[in-house]
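Input: a single structure, listed below in structure tokens.
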Amino acid sequence: MILNSIRLTLLSSLLASVTFSVRADTLSDLKNVLTNLHDDGALAVEYTSKYTQNRGKQSDLKTKKGFITLSASYNEKGLQVAYNKEILDKVALEETLKEQDENADTPTLNAMYRVESSDLLEMMSAAPSLLRFINKAKFKTEKQVQFQDTQATELMFDMPLESIITDQETRDHVDDFKGQFRLLVNSNNIPIESELTFTGSGSAYVFFSIKLAQTITNQYQLLGSRLVNTGQSYSRKQSSTFGQSDSNGEKKLTILADNNEFERKDLTCKL
């Protein structure tokens with residue numbers, strides 16, 4: 001009986017070590033894939049961003065909306081963002097409206113304020129930022145799942161506070177935090193979708209407190225050796241001493257031309 005018990009214990013330990021090895025190899029393979037992806041060649045996209053935000057006291061909620069579509073390209077000269085004349089005309093009109101009425105509806109202007117070149121670059125070149133994010137995470141579990149009628153691997157991570165809030169002074173005011181990251185990869189360990197969820201609460205000074213819950217979902221596409229974040233959606237709920245805020249939005253990249261298309265155009269011109 002004792003001998004059988006020892007054998008079972010050894011077998012259980014062996015199986016546990018094998019399971020860990022499989023998971024570790026999958027994560028290692030994913031990191032290798034992200035490390036070896038390169039952003040060679042040109043890429044042209046159409047970028048769309050829109051959001052809706054309700055904020056204020058419960059008895060006096062105000063709605064703010066934003067919407068903008070612009071073009072961007074990445075090539076040997078770097079990142080270039082273009083605002084066409086239609087956008088600039090809308091911005092000029094909305095700036096005039098805002099001067100006449102500070103509560104005027106100015107969706108183009110609102111969205112334009114939120115366009116960040118760093119965000120655009122991360123979407124057009126997603127591998128480096130995703131790898132940095134994973135390196136901050138604590139691996140939890142792995143399993144096979146169905147995703148849009150195909151087999152995928154789901155990796156789950158716990159996210160520490162410092163992976164979400166990078167400012168030390170801000171972290172000092174956080175009393176409670178919980179973050180989780182879910183990443184789906186295909187059979188070649190190429191990311192296809194991710195979801196980040198986190199909740200937290202904190203206080204600053206005696207009179208200010210805040211509670212926050214947010215979910216961010218991303219979709220990915222491989223273009224040659226470039227990983228592109230083609231879509232991002234988010235929802236955010238926040239309540240504080242000064243009121244509450246409920247917002248949701250999405251960002252989308254539509255591929256206009258990748259390196260292969262540019263090469264074909266160059267070839268046509270040469271012919």
Side-chain angles (χ1 to χ4, degrees), residues 45-72 81 83 87 90-91 94 97-98 102-124 126 129-130 133 137 147-148 154 156-157 159 161 163-167 170 174 176-184 191-202 209-221 228-255:
V45 301
E46 182 180 77
Y47 171 76
T48 300
S49 175
K50 61 181 179 180
Y51 74 91
T52 301
Q53 181 185 61
N54 299 307
R55 64 183 305 172
K57 293 291 186 180
Q58 185 63 42
S59 58
D60 186 28
L61 285 177
K62 291 183 172 58
T63 298
K64 186 176 183 180
K65 294 186 177 183
F67 180 83
I68 195 169
T69 296
L70 52 86
S71 58
V81 182
Y83 297 88
I87 293 175
K90 286 182 178 180
V91 168
E94 291 177 7
L97 293 174
K98 199 170 185 65
E102 63 179 24
N103 295 318
D105 187 22
T106 56
T108 309
L109 196 59
N110 296 340
M112 191 174 184
Y113 284 148
R114 292 194 175 196
V115 175
E116 297 284 349
S117 296
S118 57
D119 291 342
L120 258 174
L121 187 59
E122 284 193 2
M123 292 187 74
M124 298 174 73
S129 59
L130 183 55
F133 196 70
F147 178 76
Q148 296 180 353
E154 178 189 82
M156 296 296 298
F157 302 83
M159 302 305 301
L161 174 61
S163 67
I164 307 298
I165 302 177
T166 58
D167 180 66
T170 302
V174 178
D176 183 51
F177 178 84
K178 183 178 180 180
Q180 189 174 69
F181 185 62
R182 172 178 176 265
L183 178 64
L184 296 180
I192 50 181
E193 184 176 88
S194 69
E195 182 181 74
L196 171 66
T197 59
F198 61 88
T199 59
S201 62
S209 64
I210 185 172
K211 291 183 179 180
L212 174 67
Q214 184 162 328
T215 299
I216 304 172
T217 304
N218 294 289
Q219 284 80 41
Y220 304 96
Q221 179 181 342
V228 179
N229 181 345
T230 56
Q232 180 185 99
S233 60
Y234 71 89
S235 61
R236 176 186 178 105
K237 293 183 181 295
Q238 176 179 313
S239 61
S240 71
T241 304
F242 301 107
Q244 66 183 46
S245 174
D246 184 352
S247 59
N248 61 80
E250 62 182 52
K251 301 174 184 178
K252 182 180 179 181
L253 286 188
T254 301
I255 310 300

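Note that the coordinates shown come from a computational prediction; the quantities given were computed from them, not determined experimentally.
- Under the rule for a salt bridge (charged side-chain N to carboxylate O under 4.0 Å, His left out), K98 has no partner lying at least two apart in sequence or in another chain.
- Applying the side chain to side chain donor-acceptor pair (under 3.5 Å) test to Q180 and every residue at least two apart in sequence or in another chain returns nothing.
- What you find for M124 and V228 is that their closest heavy atoms are O-CG2, 4.0 Å.
- Here K62 pairs with D60 under the side-chain contact (heavy atoms from CB on, under 4.5 Å) rule; sequence neighbours left out.
- Remark: T199 pairs with no residue by the side chain to side chain donor-acceptor pair (under 3.5 Å) rule, at least two apart or across chains.
- Partners of A137 according to the side-chain contact (heavy atoms from CB on, under 4.5 Å) rule, which considers only residues two or more places apart in sequence or in another chain, are F157, M159.
- E116 pairs by the side-chain contact (heavy atoms from CB on, under 4.5 Å) definition with S118, D119, not counting sequence neighbours.
- Checked against ring pair (Phe, Tyr, Trp, His ring centres under 6.0 Å), F133 has the following partners two or more places apart in sequence or in another chain: F181.
- Summarising the geometry of Q53 relative to S245, their closest heavy-atom pair is NE2-OG, 3.6 Å, with the distance given to 0.1 Å.
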K65 and Y51: CA distance, side-chain angles, deciding distance, side chain to side chain contact (heavy atoms under 4.5 Å, CB included) verdict: CA-CA 6 Å; K65 294 186 177 183; Y51 74 91; over 6 Å; no
Test side chain to side chain contact (heavy atoms under 4.5 Å, CB included) applied to V115 and I68, step by step: CA-CA 9 Å; V115 175; I68 195 169; 4.2 Å; yes
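- In this structure, CD on E122 lies 4.0 Å from OG on S129, to the nearest 0.5 angstrom.
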Please list, one pair per line, the donor and acceptor atoms closer than 3.5 Å that link side chains of residues 210-221 to other protein atoms, with sequence neighbours excluded.
unit_1: Q214; atom_1: OE1; unit_2: R236; atom_2: NH1; d: 2.6
unit_1: N218; atom_1: OD1; unit_2: N229; atom_2: ND2; d: 2.9
unit_1: N218; atom_1: OD1; unit_2: Q232; atom_2: NE2; d: 3.0
unit_1: Q219; atom_1: NE2; unit_2: E193; atom_2: OE2; d: 3.2
unit_1: Y220; atom_1: OH; unit_2: S194; atom_2: OG; d: 2.9

Audit row: L61, Q244, side chain to side chain contact (heavy atoms under 4.5 Å, CB included) steps and yes/no: CA-CA 8 Å; L61 285 177; Q244 66 183 46; 4.1 Å; yes
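- Note: Y47 OH to T69 OG1 = 10.0 Å, rounded to the nearest 0.5 Å.
- Side chains of K251 and T48 form no contact here, defined as non-hydrogen atoms less than 4.5 Å apart.
- Take Y83 and apply the side chain to side chain donor-acceptor pair (under 3.5 Å) test, not counting sequence neighbours, and it matches no residue.
- Looking at residues two or more places apart in sequence or on another chain, you find no salt bridge (charged side-chain N to carboxylate O under 4.0 Å, His left out) involving E195.
- Residues forming a side-chain contact (heavy atoms from CB on, under 4.5 Å) with D105 (at least two apart in sequence, or on another chain): P107.
- Legend: residues meeting side chain to side chain donor-acceptor pair (under 3.5 Å) with T63, ordered by chain and number and at least two apart, are N54.
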